[in-house]
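First up is the structure itself, then whatever we jot down about it.
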Protein chains: 2
Amino acid sequence: MASRGVRHDSMRARNLAVVLATIHRSGPHTRAALAERTGLTKTTVSSLVADLLEAGAVTESGAVRGGERGRPGMAVSLSGHRVAALGLEVNIDYLAACVVDLTRTVRLRRTVSAGNRNSDPALILAGLRDLVKQTTAEAEAEGLRVIGGALAVPGTVEDGVLRSAPHLGWRDVRVADLVDLPFAVDNEANLAALGELWFGSGETDFLYVSGEIGIGAGLVVGGTVFRGTFGLAGELGHVVVVPDGPGCRCGGRGCLEVYAGQDALLGELASVPELTARLESGDREALETCERAGHALGVALTSAVHLLDPGRIVLGGIFAPLFPWLEGPVAGALGARLAQMRGTPPAVVVSRTGADAAVLGAAGLVIQQVIAEPARMLGL
Amino acid sequence: MASRGVRHDSMRARNLAVVLATIHRSGPHTRAALAERTGLTKTTVSSLVADLLEAGAVTESGAVRGGERGRPGMAVSLSGHRVAALGLEVNIDYLAACVVDLTRTVRLRRTVSAGNRNSDPALILAGLRDLVKQTTAEAEAEGLRVIGGALAVPGTVEDGVLRSAPHLGWRDVRVADLVDLPFAVDNEANLAALGELWFGSGETDFLYVSGEIGIGAGLVVGGTVFRGTFGLAGELGHVVVVPDGPGCRCGGRGCLEVYAGQDALLGELASVPELTARLESGDREALETCERAGHALGVALTSAVHLLDPGRIVLGGIFAPLFPWLEGPVAGALGARLAQMRGTPPAVVVSRTGADAAVLGAAGLVIQQVIAEPARMLGL
DNA sequence: TGGTTTTAGTCCATAATCTGTACATAATCC
DNA sequence: GGATTATGTACAGATTATGGACTAAAACCA
């Protein structure tokens, strides 16, 4: 809400963000080019860049000639050597951490296997805190300053409190003050969507569908995650596919999860690789299960497209390895139901980020904050 | 996108908006109270208020004593006497216009019956232009300056172009330059949602469900309408209720509209009042139809709640008079399917704005712009 | 009644930040 | 080597907010 008045320092904060965002979006620029792009004067840009240089957000990366004549400019680009963000993830069977610098280069990556199903939150969080200490120490040894972190959890989050993570068996766990860094917590699907935004195909408008034990989705519109009123938006797994279908653990009937959740897909199989192996060998039952799941996913996504209006649909998590078998039924269902109202329905594509999407997205969230508010995040 | 740098005038523009929004949200304030609320100094507030007074956005509305002692302050409140907004609506069987002042008082209201089904856009737009001329002339005779307008249409809109309005039989009609005023066009459901926001219960988070021949929905989160990537979000009418149900005019099967659209509800009856009369007299068939429609609506809304996470659900349009018969089945379906995941599902309430929601919301959109950007809209 | 206290609103010198012009710098062109 | 062109900095000027002093108008108190 428009509530507090702004002073001179807000103007400068905004302009720092504008300059940094321009470099971030469109690559290295000379000060002169930045002045042109932003509409600010060369004088102002010089002064802003000086601040960003000092804060370690950008570096001068060599001379460039714009036209054929004239003095060459000095390119200013994002610095990968000073500022970094910490991404974290708690999931059913592992803890993960990563450190990413401002250039979106993954500098460090750690995973610890752990049986977190129905575990004691305090214990797991202690393990996570150790992982953080270890990871930040390593990052600092490389000269990086970790200026913030974010944590992805497989459950619903409100104001830094994990409300409910059914598969972990956690309820109302306060995780925001895990470490003494600026710190955020968010749903695994939302952060995986950010992962796709920052480390994926470069699109800024899509619905990321995260197939795990549950099915979540994160909507990105114009590079921003849509969270709904209470941060609970995107629960694709419980969209109704068949109103009087089989009961779901959520208390409803015929939810998507019943048809396309990991348990439904695997049946008696132990793992996704086992399923893909069967699919590759042409196993009839496996193919039919996938066909059925794909069709249900297509029906649920039809509702999602009508309600959310996504730019495209990105299938991630366990749907990524199964994409070759899901693509047909999903696109088929969407095409049949959307063609007349939308011309071409949204494209259905596979995620490039793989299983890392959520941790990477957590780090991406922090980087996004730095780009959006460099003055606050870097203490300028 | 953060793209253009900001100068001193942006700072002032922002502070004008902050002051105006504070008065708008929380009623009349003295300059001193505004300074306290906004964090600006009394000096700055005085200067900003002087500009807003001159532009006709606010008036001094009498002395007020804050505490018990001290000089009484002069209350500054929104002015209803100078600036006004024009709301317009094209619908199947009428054209409507209204003029609303900054205090949200409806100053003028005109409706013209017309058979617009499968009509010639140029003809209808000419009629609308006449209505605009007449209405603005009347408003100006009352001393009001109409500073902008917006038009609600029963169809999809992209960048000021009406892409498709199936019930009017219109496709790709350019309406943004209907008159020489700052002018916006938007979907009927989105603007009806704004109508509920500005002239309804005062809630800032809800999903407005607009029952008409088609069924649309407008999601408001934190006082802002969510439009999706292409402005097509909220198409509740084609959310899938039964995947292999009866065919819908959209090409899909088992869409909500098939079960709860106006045609499905009325059957062979001629009008909604006729239906309510039958319902009141306990007509078995009518009651069953309503029960069925309510249940389908509840199923579709379950999916909508999971995906959009609305604060509450407001039933409007033809669902408003039918609310007594719909409430039970809708709330029942939502309760059964959402209780376990959400504790209490969103409340289902009836709209107070009635059939006027969309025109009023169109005017509300303009007022929203004035509050958000007084400098631009009022030429400060 | 008149002085004191308290709160509202204005005046004016000061500070922060951006703009615009002038200028130093560094390259190519001829 | 001088002309031309483009980059980046320096400095005066413009805009807008701040902060303390000041005026205004009320209640409180003796």
Side-chain angles (χ1 to χ4, degrees), chain A residues 2-19 22-23 28-54 58-77 374-375 380, chain B residues 2-19 22-23 28-54 58-77 374-375 380:
Chain A
S3 178
R4 302 296 290 179
V6 297
R7 306 151 187 237
H8 294 92
D9 54 333
S10 311
M11 177 163 59
R12 187 150 187 96
R14 180 76 215 285
N15 284 336
L16 284 166
V18 166
V19 166
T22 303
I23 298 172
H29 283 69
T30 63
R31 291 169 175 80
L34 284 169
E36 177 127 6
R37 288 287 278 257
T38 60
L40 297 165
T41 59
K42 287 187 292 176
T43 310
T44 305
V45 168
S46 279
S47 151
L48 293 165
V49 166
D51 280 9
L52 291 172
L53 279 168
E54 198 187 358
V58 299
T59 9
E60 295 192 319
S61 53
V64 284
R65 278 205 304 282
E68 282 310 294
R69 283 136 120 94
R71 170 178 166 181
M74 185 60 86
V76 178
S77 48
L380 281 175
Chain B
S3 178
R4 303 295 291 178
V6 298
R7 306 150 189 241
H8 295 91
D9 54 332
S10 312
M11 177 163 60
R12 187 151 188 96
R14 180 78 215 284
N15 284 336
L16 284 165
V18 166
V19 167
T22 303
I23 299 172
H29 284 68
T30 63
R31 290 168 175 79
L34 285 169
E36 177 128 7
R37 287 287 277 256
T38 60
L40 295 165
T41 59
K42 287 189 291 176
T43 310
T44 306
V45 168
S46 279
S47 152
L48 293 165
V49 166
D51 279 10
L52 291 172
L53 278 169
E54 196 187 358
V58 300
T59 9
E60 297 193 314
S61 53
V64 284
R65 278 206 302 285
E68 282 309 296
R69 285 139 121 91
R71 169 178 165 181
M74 184 62 84
V76 178
S77 48
L380 282 174

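Residue numbers start from 1 in every chain, and the chains themselves are labelled A, B, ... in the order their sequence lines are given, proteins ahead of strands.
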Quick check on DNA chain C: between B/Gly70 and B/Arg7, whose nearest nucleotide comes earlier from the 5' end?
B/Gly70

Of B/Lys42 and B/Leu48, the one whose nearest nucleotide on DNA chain D sits closer to the 5' end is B/Leu48

Whole-Å distance separating the CZ atom of A/Arg4 from the P atom of D/dA17
15 Å

Using distance alone, with no hydrogens and no angle criterion, decide if B/Thr41 and B/Thr44 have a side-chain donor and acceptor under 3.5 Å apart.
yes

Which part of the nucleic acid, if any, lies within contact of B/Thr44, taking any heavy atom under 4.0 Å across all strands shown: a base, the sugar-phosphate backbone alone, or nothing?
base

Looking at every non-hydrogen atom in both residues, tell me the closest pair between A/Leu48 and A/Val19 and how far apart they are.
CD1-CG2, 3.8 Å

Atom CZ of A/Arg31 and atom P of C/dA26 are separated, to the nearest Å, by 14 Å

So, is A/Arg71 near the phosphate of C/dT28, with a side-chain N or O under 4.0 Å from OP1 or OP2?
no

Interatomic distance, A/Met11 CE vs D/dT18 C1' [rounded to whole Å]:
13 Å

dist B/Leu16:CG -> B/Leu380:CG (nearest 0.5 Å) comes out at 6.0 Å

Answer with base, sugar-phosphate or nothing: what part of the nucleic acid does A/Thr43 contact at a heavy-atom distance below 4.0 Å?
base

Roughly, in whole Å, what's the span from CE in B/Met74 to C1' in D/dA24?
12 Å

A/Asp51 side, atom CG; A/Asn15 side, atom CG - distance, nearest 0.5 Å
11.5 Å

Separation of C/dC18 P from A/Arg14 CZ (nearest whole Å):
12 Å

Checking only heavy atoms, does the side chain of B/His8 share a donor-acceptor pair with the base of D/dT15 at less than 3.5 Å?
yes

Under 4.0 Å between a side-chain nitrogen and a carboxylate oxygen: does that hold for B/Arg31 and B/Glu60?
yes

For A/Leu40 and C/dG20, what is the distance between atoms CG and C1' respectively, to the nearest whole Å?
14 Å

From CG of B/Asp9 over to P of C/dT17, roughly how many Å is that when rounded to an integer?
17 Å

Phosphate OP1/OP2 of D/dG8: any A/Ser46 side-chain N/O under 4.0 Å
no

Compare side-chain N and O positions of B/Asn15 against OP1 and OP2 of D/dA17 and report whether any pair is under 4.0 Å apart.
yes

When rounded to whole Å, the CZ to P distance for the pair B/Arg12 and C/dA16 reads 20 Å

